[in-house]
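Note sheet for the following structure.
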Amino acid sequence: PGIKVLMPGDPAPHGGEQLVRVNVQNFIADQNGTVVLDSDWSVESARHHDVASGRSHIVVPGQPKPEAEAATMSTAIARLADEIAGKLSQ
């Protein structure tokens, strides 16, 4: 409630926007389909003040099939989003 994701070109709301930066170090599936996502991330306020930052290491077991790997990668990204959101709600 009250949270909105903006797309490039969308008008920014006054004062409430935050910028999320994610620097992906590693994002790959191994021969067994297990996906590893390593990243550094930060959230910055509209006034360029750090709100939160962190480093994430996410491992999601999967299947060694292309369609399964894609789904597993999607799960890893969702877990990263949950980690970031969790830090913001603390």
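Below, each value reflects all heavy atoms present in this structure, side chains not excepted, and no hydrogens, waters or symmetry copies.
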For this session: Could you give me the CA-CA distance, side-chain angles and deciding distance for E44 and V51, then say whether side chain to side chain contact (heavy atoms under 4.5 Å, CB included) is met?
Result: CA-CA 5 Å; E44 190 177 287; V51 174; 5.8 Å; no

For this session: Mind checking the CG-NE2 spacing from D38 to H57? Nearest 0.5 Å is all I need.
Result: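 Separation between the atoms: 5.5 Å.
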
Exercise. What do you reckon, is CD of Q63 surrounded by more than 12 foreign heavy atoms closer than 6.0 Å?
Worked result: no

Exercise. Counting only heavy atoms not in I28, do more than 12 fall under 6.0 Å of its CD1?
Worked result: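 No, the 6.0 Å shell around CD1 holds no more than 12 heavy atoms from other groups.
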
Exercise. Would a distance-only check, ignoring hydrogens and angles, find a side-chain to backbone donor-acceptor pair under 3.5 Å from N32 to T34?
Worked result: no

Exercise. How about R21 and N23: do any of their side-chain heavy atoms sit closer than 4.5 Å?
Worked result: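 When only atoms from C-beta onward are counted, N23 and R21 do not touch, as no gap falls below 4.5 Å.
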
Exercise. Do the side chains of I58 and V24 join up, straight or via other hydrophobic residues, at under 4.5 Å, putting them in one cluster?
Worked result: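 Yes, same cluster.
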
Table please: side-chain donor-acceptor pairs of residues 69-88 below 3.5 Å, with sequence neighbours left out.
residue: T72; atom: OG1; partner: A68; partner atom: O; Å: 2.8
residue: T75; atom: OG1; partner: A71; partner atom: O; Å: 3.1
residue: E83; atom: OE1; partner: S56; partner atom: OG; Å: 2.5

